[in-house]
Protein chains: 2
Amino acid sequence: MTQTPPRPPAGPPARRPVPTSADVARLAGVSRATVSYVLNNTSAVRISEPTRRRVREAAEELGYVPHAAARSLRAGRTRIVLLPTAHVPVGPLYGHFLNELQWALRRLDYTVVQYASMGLRGDEAARAWAELRPVAVVSFGAVDLTPFGVDILKRSGARAVITLGTRPVEGAHNVVMDQRRVGACAGAHLLERGYRRLGVVMPEEPGLNVFSAPRLEGVRGAAAGTDAEVVPLPLAYTEESAAALTARLPSLGVDAVFAYNDEYASLLLRALLDAGVSVPDDTALMGADDLLLGKLLRPRLSTVQVDMETGQHLAELVDRLVGDPDRTPDDHGHQAGHAPGHDLMAARAIRREST
Amino acid sequence: MTQTPPRPPAGPPARRPVPTSADVARLAGVSRATVSYVLNNTSAVRISEPTRRRVREAAEELGYVPHAAARSLRAGRTRIVLLPTAHVPVGPLYGHFLNELQWALRRLDYTVVQYASMGLRGDEAARAWAELRPVAVVSFGAVDLTPFGVDILKRSGARAVITLGTRPVEGAHNVVMDQRRVGACAGAHLLERGYRRLGVVMPEEPGLNVFSAPRLEGVRGAAAGTDAEVVPLPLAYTEESAAALTARLPSLGVDAVFAYNDEYASLLLRALLDAGVSVPDDTALMGADDLLLGKLLRPRLSTVQVDMETGQHLAELVDRLVGDPDRTPDDHGHQAGHAPGHDLMAARAIRREST
DNA sequence: TTGAAAGCGCTACCAG
DNA sequence: CTGGTAGCGCTTTCAA
């Protein structure tokens, strides 16, 4: 007799009701507790082998899968590491880094969740993230995290809030991946080569601003105190935009361009060559990120090589912070000073043929 | 009086306990029910404005954020759409598509979760996904979903399991994005131009196999029944590998190469030109995906343009399936036939200068 | 208009 | 070695 209680209260529209541990218990003829013990290999308790088998078989037969929400509700904590995603492809470099990070976190038994935070911004996003009760949040600058947002997350149980970017956010553990340094390298290189009017490509694609703005700032910093000038050059990733910019270039008097990265540089290089501009003689051109692409072009692109620490490293940092949340960031009373922050990035200029 | 019951049972190691709706209720001097009504704007019940204010203020003050797990546990269903991620950057084309999809799903009020499924494979992965009780799963071929895996997901409450790829999986709703067609286009184009020994680049980078294998298959299909031959050409994304392949090419007698996509094509093009091979006179070269890159090279790359339907479209499909799970896939008794499947991809060859 | 209480699925105590 | 049971945070009847 499948003595199902009439189930009057609120029918979840499930077609076949999803099997629960109680169902498994019933089928195996044991209690829910025993099911839990068996399926979690609880070492503190010894269950006879026949029972184990019965439980496992019952679970198998029903297609039982534990309910993560219920589990973490009971446990009072999750193993979720939240990676908010921006709304842009961030390029091969970051793609690789991100994959490494995911791998490493997974090995440490975290549940990596990339959360699409598109329409949201600032504290709104922080709230949405907090609803999942992640044990850690690693923000790549997809949204502007405020100190208040960090506080929301911390209060909701996040033991580590890590920002990867330029500006440290109060209360968060800031891992410096300072894009300014990329710009600074490029700027220094170009100045050293004798260029004095430096164009800096600013991609018009939305979201790339997170990277391009600090890179520009870095070039400005390098030029500060010299007689050199810095000219921002908006550019969309299309041939038309590149041609237009090329046409405008002479009137701007720019003698060298730092083109954000190798992809934009290659686009601009093509436009320059097609317009009969000699590179680097008429105009020098520099990329960044040291993509393979840059070596395939003629002239080969000078670039800025960016060494990012491994995702493994960052994953370990997450794990340490989760284990002991108040390490570096001075968290007494959330009136914290800026975290010193690790440094996961090094940059250096590589000269090839375009500068 | 903060009459906190001694909290003897099991201390979750929370530093400051995370505020719950009960805390809000206490502070506002109302019941938990009222808090829920106010914060969810439950229309079926009318709460006085002063009470609403008090509740909101209390929530604000405590930094209360609802607990998603508890909520969905109670509700019996989530709004999670799971996008399992592979372990490779999938290229700009798919990146764009993926972003569109996320946007669109978000607008439909789904919680988009990209789940890192790296070390897992097959049914193991399906289990892990099922633990989150997603209402829908959209799989890009990151893992090989089996009919059994699909069943696990369905039984755990997933109302839509969608696979994007070549082979339909039994029980899942298959959205055809048949990479074979890309290969077929390339093959047909090359044959039409009179080439008879077609090399097909197979990237050695792990994970790209999902795309490259069907593309190769497509070329084979195009060549079937003709006197043409097809030669797979393993290639890593490095200059060395490209140079090695170039050196080996003459002995293979290949007169045209379909280089998987424009990126690999540009790599190989460089190596060919450096070796003094004339393109297309000595060896023709064809890319795919119609990246901007292909137009920047000289000779300009012939390519296969891939029109993918918008993510918006797919999001709507997800929404429809969630609303009415047994639409197209014949689901009576999970002995289903293959879903006819929508078609989200069109491909056509574009001749430029390299073929 | 508001409160009391049941119960979603799970794990961890404490008895037996 | 196994079972009963409380309770995680939330929503939603039903009663007041």
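It should be emphasised that the depicted structure is a prediction, and the values quoted were computed from it without experimental measurement. Below, all heavy atoms of this structure are taken into account, side chains as well, without hydrogens, waters or symmetry copies.
- Scored by the salt bridge (charged side-chain N to carboxylate O under 4.0 Å, His left out) test, B:R53 finds B:E57 as partners (sequence neighbours excluded).
- Put simply, the side chain of A:R52 never gets that close to the backbone of A:V38: no donor and acceptor are under 3.5 Å apart.
- To the nearest 0.5 Å, the span separating CD on A:E316 from CG on A:L105 amounts to 10.0 Å.
- Within residues 44-52 of chain B, the residues that place at least one heavy atom under 4.0 Å from DNA chain C are, in residue-number order, B:V45, B:R46, B:I47, B:S48, B:T51.
- Legend: residues meeting side-chain hydrogen bond (donor to acceptor under 3.5 Å, both in side chains) with A:Y37, ordered by chain and number and at least two apart, are absent.
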Taking distance alone, no hydrogens or angles, what donor-acceptor pairs closer than 3.5 Å link side-chain atoms of residues 66-73 of chain B to residues at least two apart or in another chain?
| residue | atom | partner | partner atom | Å |
| --- | --- | --- | --- | --- |
| B:H67 | ND1 | B:A69 | N | 3.2 |
| B:H67 | ND1 | B:A70 | N | 3.4 |
| B:S72 | OG | B:A68 | O | 3.1 |
| B:S72 | OG | B:A69 | O | 3.3 |

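- Residues meeting the side-chain hydrogen bond (donor to acceptor under 3.5 Å, both in side chains) test with A:T51, sequence neighbours left out: A:S48.
- One finds no side-chain N or O of B:R74 lying less than 4.0 angstrom from the OP1 or OP2 phosphate oxygen of D:dG9.
- Formation of a donor-acceptor pair under 3.5 Å by the A:T42 side chain with backbone atoms of A:A44 is not found in this model.
- Under the side chain to side chain donor-acceptor pair (under 3.5 Å) criterion, the residue pairs touching residues 126-145 of chain B are B:S117-B:W129, with sequence neighbours excluded.
- Residues passing the side chain to side chain contact (heavy atoms under 4.5 Å, CB included) test with A:T111, sequence neighbours excluded: A:I80, A:V113, B:Y115.
- Between the CZ atom of A:R26 and the P atom of D:dT2 there is a distance of 19 Å, given to the nearest Å.
- In this structure A:D109 satisfies the side chain to side chain contact (heavy atoms under 4.5 Å, CB included) test together with A:R79, sequence neighbours excluded.
- Looking at residues 125-135 of chain B, you'll see that no heavy atom sits under 4.0 Å from any atom of DNA chain D.
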Worked verdict on B:R155 versus B:D151 for salt bridge (Lys or Arg N to Asp or Glu O under 4.0 Å)
CA-CA 6 Å; B:R155 285 163 91 137; B:D151 195 50; 3.1 Å; yes
Under 3.5 Å, which N/O atoms of the protein pair with N/O atoms of nucleotides 3-5 of chain D?
| residue | atom | partner | partner atom | Å |
| --- | --- | --- | --- | --- |
| D:dG3 | OP2 | A:S31 | N | 2.9 |
| D:dG3 | OP2 | A:S31 | OG | 3.3 |
| D:dG3 | OP2 | A:T34 | OG1 | 2.6 |

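- Of the possible donor and acceptor atoms, none in the side chain of B:K154 sits under 3.5 Å from a partner among the backbone N and O of B:G149.
- A distance-only check finds a donor-acceptor pair linking the side chain of A:E100 to the backbone of A:G311 [under 3.5 Å].
- Under the salt bridge (charged side-chain N to carboxylate O under 4.0 Å, His left out) criterion, the residue pairs touching residues 22-46 of chain A are A:D23-A:R26, with sequence neighbours excluded.
- Looking at the side chain of B:P66, the nearest of the listed nucleotides C:dC10, C:dG9, D:dC10 is D:dC10.
- Rounding to whole angstrom units, CG of residue B:L62 and C1' of D:dG9 are separated by 15 Å.
- The distance from atom CZ of A:R77 to atom C1' of C:dA12 is 12 Å, rounded to the nearest whole Å.
- Where DNA chain D pairs in unbroken runs of 3 or more (Watson-Crick or G-U, both distances under 3.5 Å), the stems are C:1-16 with D:1-16.
- Taking atom NE2 of A:H67 as the reference point, atom P of C:dC8 lies 12 Å away to the nearest angstrom.
- Nucleotide C:dT2 holds its C1' atom 11 Å from the CZ atom of B:R54, rounded to whole Å.
- Atom pair A:R71:CZ and C:dC8:C1' shows a separation of 16 Å (rounding to whole Å applied).
- Across the protein-nucleic acid pair, A:L73 atom CG and D:dG7 atom P stand 14 Å apart, rounded to whole Å.
- Counting non-hydrogen atoms under 4.0 angstrom, A:T20 reaches the backbone sugars and phosphates but no base.
- An OP1 or OP2 oxygen of D:dG9 is reached within less than 4.0 angstrom by no side-chain nitrogen or oxygen of B:S21.
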